[in-house]
Amino acid sequence: MDTRVGDDASSPSPVRPFLRVYFKCSGDYLRVYRNAQGTAYLARCPTCGKSMRFLVGPGGTDQRTFEVSCQ
């Protein structure tokens, strides 16, 4: 599943941009870093292995924390 995240390249940002992703299955928050190409974040549940990709681009959201239901 893909979710679009806003492109924050024009605003001041940390050296390595990241998202916080909460996986309900494991009850864990993970810090997920942007890929080397700067196009997406890839998160994987530590319990069940479900993956979630967050795309970077215009028209996305400024939200930095997401909740993923593994079921």
Side-chain angles (χ1 to χ4, degrees):
M1 174 178 270
D2 291 341
T3 299
R4 188 159 298 275
V5 177
D7 185 358
D8 57 1
S10 63
S11 64
S13 62
V15 174
R16 291 199 59 206
F18 67 90
L19 300 176
R20 281 178 37 111
V21 180
Y22 176 73
F23 286 95
K24 289 183 177 183
C25 176
S26 65
D28 291 331
Y29 277 97
L30 298 181
R31 183 180 279 201
V32 181
Y33 293 96
R34 191 181 292 180
N35 66 10
Q37 298 80 20
T39 58
Y41 300 83
L42 180 61
R44 187 175 309 274
C45 178
T47 299
C48 72
K50 177 178 181 169
S51 64
M52 183 75 180
R53 186 170 49 163
F54 300 87
L55 301 175
V56 176
T61 180
D62 291 334
Q63 185 175 334
R64 306 310 294 169
T65 301
F66 297 87
E67 187 174 289
V68 176
S69 176
C70 299
Q71 300 176 17

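With hydrophobic clusters built from ILVMFWY side chains whose heavy atoms lie under 4.5 angstrom apart, Val32 does not share a cluster with Tyr22.
Counting only distance, with no hydrogens or angles, the side chain of Lys50 and the backbone of Phe23 share no donor-acceptor pair below 3.5 Å. At distances below 3.5 Å, not a single donor-acceptor pair connects side-chain atoms of Gln37 with backbone N or O atoms of Thr39.
Note: Arg53 CZ to Asn35 CG = 9.5 Å, rounded to the nearest 0.5 Å. With values rounded to the nearest 0.5 angstrom, Leu42 atom CG is found 11.0 Å from Leu19 atom CG. Atom CG of Leu30 and atom CZ of Phe18 lie 12.5 Å apart (nearest 0.5 Å).
Here the closest non-hydrogen pair linking Ala40 and Val56 is N-CG2, 3.9 Å.
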*side chain to side chain contact (heavy atoms under 4.5 Å, CB included) between Cys70 and Thr47: does it pass, once the steps are laid out?*
CA-CA 9 Å; Cys70 299; Thr47 299; over 6 Å; no
*Kindly determine whether Arg20 and Arg64 satisfy side chain to side chain contact (heavy atoms under 4.5 Å, CB included), including the steps that lead there.*
CA-CA 6 Å; Arg20 281 178 37 111; Arg64 306 310 294 169; over 6 Å; no
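Of the N and O atoms on the side chains of Arg34 and Tyr41, at least one donor lies less than 3.5 Å from an acceptor on the other residue.
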